[in-house]
Novice: 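Once you've had a glance at the structure underneath, I'll fire off some questions.
Numbers for residues simply follow the sequence, beginning at 1.
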Amino acid sequence: MGPRKFLLAAAMSCVLAASATAQALVVVNDPTNDSGDPTQLSTTEQAYLDRALPSVRKRLPEDVCGESLQPAGAVKGSFTRAGAKQMLIFYEYCQTGNGFGWNGLVIVEGGKIVGNFVSEGGWGFVIGRVPDIDQNGIDEFTLAYSGGLHQGAGGTGVDLMQFANGVPKGIGWYKAEEFGETEASSMWKLWAKPGKAPVFYKQKYFSGENRPAKPVGKRAVTKLAKVFVSKFEVVK
């Protein structure tokens, strides 16, 4: 191969590599991944949550919501500003009805609680980190909510969230799982193509009784619905 052809081939390789990187999709939520228990808190994470609860109890007295605490996991990332090393803890504080309850978020940085929030919504299930899909320097996160069986059917929904001006704000919601009284269920995995206006893709999976999830159809572009959760309130 001559020098000019070699340089042209190298240039084309760089262009293709850059294009592939730009087209790479980020997993936003994957309900087909059932490895481990992401809701369990470490001793350190639980200690931070315990420190945040006294203020929450004042905000949500027994006549509003009887405490029945259920941790829903913790994630690490840069949630309120670029480069920050933070921990975000999610938990269900109580249940007020079939699929409804109050939930909380605690944000920790430098060994201190720097944010304490509550919101009325579904039954808090699990939290996930999403690595900056809108390319503004901070990470997004997902909050999954479950619901009890109603007429033999139930499911989980996921809010995609981001901090704005120090408070959690909703980006959008999608249905992540649908199940009945048996173990059979339908699930939807969600991806995003990063950019100032991320493009979302969804793939359906089906899991029969005692069988692993298998894809159904093809991955396709999708739009998120309005977030399910109510506005998060600052707890002081």
Side-chain angles (χ1 to χ4, degrees), residues 28-31 33-77 79 86-108 113-130 140-150 153-163 167-179 185 187 225-236:
V28 175
N29 187 69
D30 183 5
N33 184 1
D34 59 359
S35 59
D37 185 354
T39 67
Q40 292 299 308
L41 299 182
S42 68
T43 302
T44 300
E45 293 162 351
Q46 184 65 52
Y48 283 122
L49 176 55
D50 291 342
R51 284 166 52 186
L53 287 175
S55 297
V56 175
R57 294 186 181 108
K58 292 179 181 178
R59 171 63 185 81
L60 300 174
E62 285 288 329
D63 59 346
V64 173
C65 191
E67 182 177 345
S68 56
L69 199 70
Q70 292 290 333
V75 290
K76 294 180 180 179
F79 299 107
Q86 299 170 325
M87 176 193 302
L88 191 58
I89 302 169
F90 183 43
Y91 65 96
E92 177 185 280
Y93 184 78
C94 66
Q95 297 181 2
T96 57
N98 187 6
F100 293 95
W102 282 84
N103 304 280
L105 282 170
V106 179
I107 188 163
V108 179
I113 294 174
V114 296
N116 195 2
F117 311 89
V118 293
S119 178
E120 191 172 14
W123 291 349
F125 183 54
V126 69
I127 189 172
R129 170 185 169 266
V130 182
E140 293 79 24
F141 57 97
T142 56
L143 301 179
Y145 298 93
S146 65
L149 289 175
H150 180 68
T156 61
V158 172
D159 279 342
L160 177 60
M161 310 284 293
Q162 185 179 73
F163 275 85
V167 179
K169 300 287 185 180
I171 296 173
W173 173 95
Y174 93 105
K175 180 171 67 173
E177 188 173 9
E178 191 176 78
F179 52 80
S185 63
M187 294 168 278
K226 183 179 179 180
V227 292
F228 172 74
V229 72
S230 300
K231 181 180 178 181
F232 273 94
E233 304 174 15
V234 177
V235 178
K236 298 181 179 179

Novice: Hey, could you give me the CZ/CG distance between Phe232 and Leu105, rounded to the nearest 0.5 Å?
Specialist: 4.0 Å
Novice: For Val229 and Gly121, which heavy atoms make the closest approach, and how far apart are they?
Specialist: CG2-CA, 4.4 Å
Novice: Please examine the side chains of Lys226 and Trp173, heavy atoms only from C-beta on, and report whether any two atoms are closer than 4.5 Å.
Specialist: no
Novice: Is there a side-chain contact (heavy atoms from CB on, under 4.5 Å) between Val158 and Val28? Walk through the geometry before answering.
Specialist: CA-CA 10 Å; Val158 172; Val28 175; 5.8 Å; no
Novice: Can you tell me how far CD1 of Ile127 sits from CG of Asn103, rounded to the nearest 0.5 angstrom?
Specialist: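 Between atom CG of Asn103 and atom CD1 of Ile127 there are 11.0 Å.
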Novice: Compare every heavy atom of Ile89 with every heavy atom of Glu45, then report the nearest pair and how far apart it is.
Specialist: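 Scanning both residues, the minimum pair turns out to be O-CD1, 3.5 Å.
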Novice: Can you name the one residue among Thr39, Leu49, Leu41 that meets side chain to side chain contact (heavy atoms under 4.5 Å, CB included) with Tyr91?
Specialist: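 That would be Leu49; it is the only one of Thr39, Leu49, Leu41 passing the side chain to side chain contact (heavy atoms under 4.5 Å, CB included) with Tyr91.
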Novice: Under 3.5 Å, is there a donor-acceptor pair linking the side chains of Asn29 and Tyr174?
Specialist: yes
Novice: Any idea which heavy atoms bring Val56 and Val118 closest together, and the distance?
Specialist: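 Looking at all heavy atoms of both residues, the shortest contact is CG1-CG1, 3.8 Å.
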Novice: Rounded to the nearest 0.5 Å, what's the gap from CD on Glu140 to NZ on Lys169? Could you check?
Specialist: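 That separation rounds to 15.5 Å.
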Novice: How far apart are the closest heavy atoms of Glu177 and Ser185, and which atoms are they?
Specialist: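 So the minimum-distance heavy-atom pair works out to OE2-OG, 3.7 Å.
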Novice: Taking Asn116 for the side chain and Ala52 for the main chain, is one N or O donor matched with an acceptor at less than 3.5 Å?
Specialist: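 Yes.
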Novice: Once you measure the plane-to-plane angle for Phe141 and Phe163, does it fall in the parallel (<30°), tilted (30-60°) or perpendicular (>60°) bin?
Specialist: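 It falls in the tilted class, 30° to 60°.
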Novice: Please state whether the rings of Phe100 and Phe228 are parallel, tilted or perpendicular, taking 30° and 60° as the class boundaries.
Specialist: tilted
Novice: Does any part of the side chain of Phe90, heavy atoms only, come nearer than 4.5 Å to the side chain of Leu143, both counted from C-beta?
Specialist: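 When only atoms from C-beta onward are counted, Phe90 and Leu143 do touch, with a gap below 4.5 Å.
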Novice: Where is the tightest heavy-atom contact between Leu69 and Leu53, given as atom of each residue plus distance?
Specialist: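 Shortest heavy-atom contact: CD2-CD1, 3.7 Å.
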Novice: Quick one: pull up OH in Tyr93 and CZ in Arg57 and give me the separation to the nearest 0.5 Å.
Specialist: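 It comes to 5.5 Å.
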Novice: Testing the basics here: between Gly66 and Cys94, what is the closest heavy-atom pair and its distance to 0.1 Å?
Specialist: O-CB, 3.1 Å
Novice: For the atom pair CZ (Phe179) and CE (Met187), what is the distance rounded to the nearest 0.5 Å?
Specialist: 11.0 Å
Novice: Tell me which one of Glu120, Glu233, Glu67 satisfies salt bridge (charged side-chain N to carboxylate O under 4.0 Å, His left out) with Arg59.
Specialist: Glu233
Novice: To the closest 0.5 Å, what do you measure between CZ (Arg129) and CD (Gln86)?
Specialist: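 That separation rounds to 11.5 Å.
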